[in-house]
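The next block holds one structure in the form of structure tokens; read it before the comments.
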Amino acid sequence: MSSYDVQQVRADFPVLQREVRDKPLVYLDSGATSQKPASVIDAERTYYEQHNAAVHRGAHQLSEEATDAFEAAREKVATFVGARPEDIVFTKNATESINLVAYGLSNASAPGALDGVPSEVAERLRIGAGDEIVVTEMEHHANLVPWQELCRRTGATLRWFPVTDGGELDLSDLDTLVNERTKVVAFSHVSNVVGTINPVAPLVAAARRVGAITVLDACQSVPHLPVSVTELGVDFMAFSGHKMLGPTGVGVLWGRAELLAALPPFITGGSMIEQVFMDHTTYAAPPQRFEAGSPNVAQAVGLGAAVDYLSKLGMDAVREHDKVLVQAALDGLAKRPWVRVLGPTDVEKRCGAVAFVVDGVHPHDVGQILDDSGIAVRTGHHCAWPLHRALKVPASTRASFAAYSTVEEVEAFLTALDRVPEVFGVEVA
Amino acid sequence: MSSYDVQQVRADFPVLQREVRDKPLVYLDSGATSQKPASVIDAERTYYEQHNAAVHRGAHQLSEEATDAFEAAREKVATFVGARPEDIVFTKNATESINLVAYGLSNASAPGALDGVPSEVAERLRIGAGDEIVVTEMEHHANLVPWQELCRRTGATLRWFPVTDGGELDLSDLDTLVNERTKVVAFSHVSNVVGTINPVAPLVAAARRVGAITVLDACQSVPHLPVSVTELGVDFMAFSGHKMLGPTGVGVLWGRAELLAALPPFITGGSMIEQVFMDHTTYAAPPQRFEAGSPNVAQAVGLGAAVDYLSKLGMDAVREHDKVLVQAALDGLAKRPWVRVLGPTDVEKRCGAVAFVVDGVHPHDVGQILDDSGIAVRTGHHCAWPLHRALKVPASTRASFAAYSTVEEVEAFLTALDRVPEVFGVEVA
Amino acid sequence: MDLYQQLILDHSKRPQHAGLREPFEGEAHHVNTTCGDEVTVRVHVDGDEVKDVSYDAQGCSISVASASILAEEVIGFSVEESLSTYEAMRAMLTSKGQDPGDEEVIGDGVALAGVAKYPARVKCALLPWAAYTDALVRAGVDISTVGGQR
Amino acid sequence: MDLYQQLILDHSKRPQHAGLREPFEGEAHHVNTTCGDEVTVRVHVDGDEVKDVSYDAQGCSISVASASILAEEVIGFSVEESLSTYEAMRAMLTSKGQDPGDEEVIGDGVALAGVAKYPARVKCALLPWAAYTDALVRAGVDISTVGGQR
Ligand SMILES: Cc1ncc(COP(=O)(O)O)c(C=O)c1O
Ligand SMILES: Cc1ncc(COP(=O)(O)O)c(C=O)c1O
């Protein structure tokens, strides 16, 4: 840890110099969206000032430069998660990435959509009545609602793993829930609320046994942990640029080559076609097939710079730093008996975020008190309403971290939190 | 025109100072993507350096600022096209905007999707076998392939208006093509290849008579002409930020309030929901219903700045300037008998782009010769393959303009073009 | 901070007229989608008079206090008066701090004046009021003569 | 500009061995999706010998010239030799200008060396060659022993 100089990291993030309500900004809402280092902001700017043009199509110099910048970004992102560039699709956010898979699967049932696909692969992609999609109660809405809608479109049935009171996945019914009817098992790598790091291996193994496709929501793991698609063994993985120091407006879908190759397109239009006639169209190979229209080139380039930045820090070091922050938050909150922390207590089992409730005070009011001290946290259901229901709380307050967060910030947060019982007259003993 | 100082405009665009192959860049590929003024680049940068946070959800100051910036951008875009902010949806590009409508319509047939929608509106949204979708042969793939796919999903039939040899829509069969089976009439305002400005009024009137929904692809009109949704009378209108001096990664869909209110969601996930349970979800009102996940905030803010920039120039002035450029190109090309211009010859009937062929020389080779002189044009089918087939050319070369293009650039292009017959030994008389 | 006036804390801890009661002619359930706050409001109108407003409010101190103040300020008044009170509340809450509110019209509502400076909380304060007007509509009351409804 | 060597212009104006002929054992149709260039290539192999390559090329001067050169450089050679020629073409074209090409191996192919500096055109030059290898596969020829295929 001694080599990780967080003050030096902070110097790279212009917004961290800001004051809020005359106090220095303490940004503990990185789980919602992270801040951006100057190198990311500059990468987008340089792209616009020097190279901006349509990619993949121009017969001119600028267009070649833009294409090179875009494809170089794809290579960087691929390397970052241990993937091949051809298997990386740029989307607008992780939500689109997951919808891409869900719509690709329902489109697979349209007439002719799987022509030419090997029958064993086609069989895995076809979903209808009687089939089952399995998710978990812990999911962000982005990895739940698209599957509900896929079920609505196809007649398949949604099933889910429950969550324990301790905020972990309850896998005791694994072999019942994942069965021969299961076509998809979709789950998050790390919970965006309770920070739980879920066990990927048993879920992948169970899905493999029945030939189900695994879809991993890696939004909260990729920014905090070393992540490799080959090690994880999943079939699809979605994550968002804006949560990993990258720009808004860019997400990523990685897919296993044989499945990507077979998956029908989602959004259709220019740049994803092979040949177009008035009455039919043939489609390009991945990743182009899934990148219809003019892509988010500047944002992809920015994400490439973010990945460079994280790689320079080293994801192992980022993970170690995160542990220190989470531990400091857990320790500080444990000293306040009027606070109830959600999720695992062991820092090895969690990362990125700490959510809690103050009984008798609504999280909105907790957040407001913190904001008054310049401390930015998030309150509410954090797009994980069913998880809150499972944990029997209406909502929660969440402090979440990134590579630039400091223990001092955690302490400032804890100190400000002490005003909550004061203002709302809560018993502190 | 005297008040339109194009040199002053150019000074605002950093990339225009560039050299290509040791010659000043002559960028005549704005129809593919436009360049960005410093104010747009700076708006994104300021957003990241000062206000970046999750929108619509934070209990903290930064999040409120980010939300204000995002919603202010929506208001600017709305005002720019004569719309209400509530009816403006931010997408990633125009392609997504059109897909949003096409998927919304097929999702309307899923069980329960139109619950609570007034029956006359529901009737318009439900599409199935026997119904017809009408497009034109002139469409960009983005306004053709999504409708082919909608037909594939629903069993509806695709029909289309042909194009005349002169590159205009042939509306002679209007009343046959748009009939009581027609559910959607989708067409472009301005062709991205031949620049033709299509007559919106008769198409809207025909669609209205039969209750069909009109979808206007305004990608190539919004950057060049004053456009007002209320005057046009269409039901949906799609356009792209990156073609109107805005950033990459942002598009717009405008929809008529009553239809937007009834249209089922497309991409689903966080921020577009009302309440989420494991077994069902209810959705928020527009525009949120159609903006799932973390939005492209910085890009929307950049688009707001682009709209400010265009408004300052004045769209009437921009249109007049464009006419001068198109006229100069048409005049210059007319003097070269070895060049065949596609599309209308009357500058009142067209805008933004001039496409042509040199018989005996492939457009790729034409583009290469131009590039060698630092002149960036586009060659190929310009994502409008069927239009090229209709005009009986395999591909074409297109010079396209924006507010910063100059008559001198048009002249440089014409001069460089004269090398084509030289190199390829084409008869020039 | 001037947001949490003692009056607000009092109302949120001891919400007046809380609970769902009979009889009622209209009921509306509103949700603040950004945070999950929920409120159900029932109205019992007799002729032109708001006889009772009962409610179940699950949410932050601001939305609960606002529900409590709503009940206090409209029960026993005419529908028209209650809608004027709504308009005055709305004007104050959306004034970004310019309109301090008139105690004559909105009573304890003035304690919510500080909310106007926190756009994210304005929705919380308006939630019960929006549900109230919706409940009126469902009770068959014509509220169209009063402007400014969303 | 060094892209349009006279040799390329000649090949593109008078493409050698052009047209689709019989007999053939394998045929492949490839499209350059970015510009719509199309080529159909047929191969007639007899044992280890490439007896004939016939083609229909619709496209720019680079892709047509490349098809013409392809036919010239592989007809009458062994399959293995033709694949070595392909590899040498490919190496030159993707070298970004580092590899000038060996006239001994690729013959008139060296005239396409200038293409390597224009990434967008590399696809054009490779199009007929990719179709050729594809046609070989469809003719039942095992090309797996030769590396570098995409
Ligand atoms: C007429 C027209 N429609 C649709 C599109 C698609 O826009 P985008 O690529 O931004 O999605 C374009 C441009 O590519 C266009 O010119
Ligand atoms: C676990 C998880 N999944 C999915 C998402 C959705 O990502 P985005 O909003 O970037 O689409 C988020 C963040 O919002 C998340 O934390």
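Residue numbering restarts at 1 for every chain, and letters A, B, ... go by the order of the sequence lines.
- A donor and an acceptor atom, one from each side chain of Gln148(B) and Thr281(A), are located under 3.5 Å apart.
- No donor-acceptor pair under 3.5 Å is formed between the side chain of Ser271(B) and the backbone N or O of Ala292(B).
- With Arg398(B) contributing its side chain and Asn192(B) its backbone, the two residues share a donor-acceptor pair below 3.5 Å.
- Atom NE2 in His60(B) sits 10.0 Å away from atom CD in Glu65(B) (nearest 0.5 Å).
- Among Cys383(A), Ser294(A), Ala298(A), the residue with the largest count of heavy-atom pairs under 4.5 Å with chain B is Ser294(A).
- Proximity to chain B is absent for every atom of Ile98(A), based on heavy atoms less than 4.5 angstrom apart.
- In this structure, a donor-acceptor pair under 3.5 Å is present between the side chains of Thr91(B) and Ser97(B).
- No part of Phe13(B) comes within reach of chain A, as not one of its non-hydrogen atoms sits under 4.5 angstrom from that chain.
- With a 4.5 angstrom heavy-atom cutoff, Arg45(A) touches chain B via backbone and side-chain atoms both.
- Although no hydrogens or angles enter the test, the distance criterion places a donor-acceptor pair under 3.5 Å between the side chain of His388(A) and the main chain of Ala384(A).
- With a 4.5 angstrom heavy-atom cutoff, Glu49(A) touches chain B via backbone and side-chain atoms both.
- When Tyr47(A), Tyr48(A), Tyr27(A) are compared by the number of non-hydrogen pairs under 4.5 Å with chain B, Tyr48(A) comes out ahead.
- Among Ala32(B), Ala376(B), Ala110(B), the residue making the largest number of heavy-atom pairs under 4.5 Å with chain A is Ala376(B).
- Contacts of Leu158(B) with chain A are made by side-chain atoms alone, with heavy-atom separations under 4.5 Å and no backbone atom involved.
- Note: Asn52(B) leads Thr33(B), Ile41(B), Asn52(B), Val15(B) in heavy-atom pairs under 4.5 Å with chain A.
- Residue with the most contacts toward chain A among His51(B), Gln17(B), Arg21(B): Arg21(B) (heavy-atom pairs, distance under 4.5 Å).
- When each of Leu62(A), Val40(A), Leu144(A), Val20(A) is checked for heavy-atom pairs under 4.5 Å with chain B, Leu62(A) comes out on top.
- Looking at Pro247(A), the atoms closer than 4.5 Å to chain B (heavy atoms on both sides) sit in the backbone and in the side chain alike.
- Within the 4.5 angstrom heavy-atom criterion, atoms from both the backbone and the side chain of Asn296(A) approach chain B.
- When only modelled atom types and interatomic distance are considered, Gln299(B) and Thr248(A) share a side-chain donor-acceptor pair under 3.5 Å.
- With a 4.5 Å cut-off on non-hydrogen atoms, Thr46(B) does not touch chain A at all.
- The backbone N or O of Ser30(A) sits less than 3.5 Å from a side-chain atom of Ser400(A), completing a donor-acceptor pair.
- Remark: the backbone N or O of Thr95(B) is paired with a side-chain donor or acceptor of Asn99(B) at under 3.5 angstrom.
- Side-chain contact annotation: His382(B) with Ser396(B), donor-acceptor N/O pair under 3.5 Å present.
- In this structure, chain B has no heavy atom under 4.5 Å from any part of Thr157(A).
- Heavy atoms of Gln275(A) lying under 4.5 Å from chain B belong to its backbone as well as its side chain.
- The main-chain N or O of Lys92(B) is never found under 3.5 Å from a side-chain atom of Lys92(A) such that the two would form a donor-acceptor pair.
- The most heavy-atom pairs under 4.5 Å with chain A, out of Glu139(B), Glu137(B), His364(B), Lys243(B), come from Glu137(B).
- No side-chain donor-acceptor contact under 3.5 Å links His242(B) to the backbone of Val250(B).
- Contact of Tyr103(A) with chain B is made through the side chain alone, with heavy-atom distances under 4.5 Å.
- Only the side chain of Glu149(B) has a heavy atom closer than 4.5 Å to any heavy atom of chain A.
- Put simply, of Arg18(A), Arg389(A), Met278(A), the one with the most heavy-atom pairs under 4.5 Å next to chain B is Met278(A).
- Contact of Ile267(A) with chain B is made through backbone and side chain together, with heavy-atom distances under 4.5 Å.
- At a 4.5 Å heavy-atom cutoff, the contact between Asn107(A) and chain B is made by side-chain atoms alone.
- If you measure heavy-atom distances from Val135(A) to chain B, the contacts under 4.5 Å come from the side chain alone.
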Trace of the salt bridge (Lys or Arg N to Asp or Glu O under 4.0 Å) decision for Lys36(A) with Glu44(B): CA-CA 12 Å; Lys36(A) 330 296 175 199; Glu44(B) 283 206 68; over 6 Å; no
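- Neither the backbone nor the side chain of Thr397(A) comes within contact range of chain B; no heavy atoms are under 4.5 Å apart.
- Of the atoms belonging to Arg152(A), heavy atoms from both backbone and side chain fall under 4.5 Å from chain B.
- Residue Asp42(B) touches chain A through its side chain alone, counting heavy-atom pairs closer than 4.5 Å.
- Interface remark: Asn93(A) contributes side-chain atoms only to the contact with chain B (heavy atom separation under 4.5 Å).
- Here the side chain of Asp371(A) pairs no donor or acceptor atom with the backbone of Gly367(A) at under 3.5 angstrom.
- Within the model, atoms CG of Asp29(B) and CD of Gln35(B) stand 9.0 Å from one another, a figure rounded to the nearest 0.5 Å.
- Neither the backbone nor the side chain of Leu100(B) comes within less than 4.5 Å of any heavy atom of chain A.
- In this model, no donor atom of one side chain and acceptor atom of the other lie less than 3.5 Å apart for Asp217(B) and His140(B).
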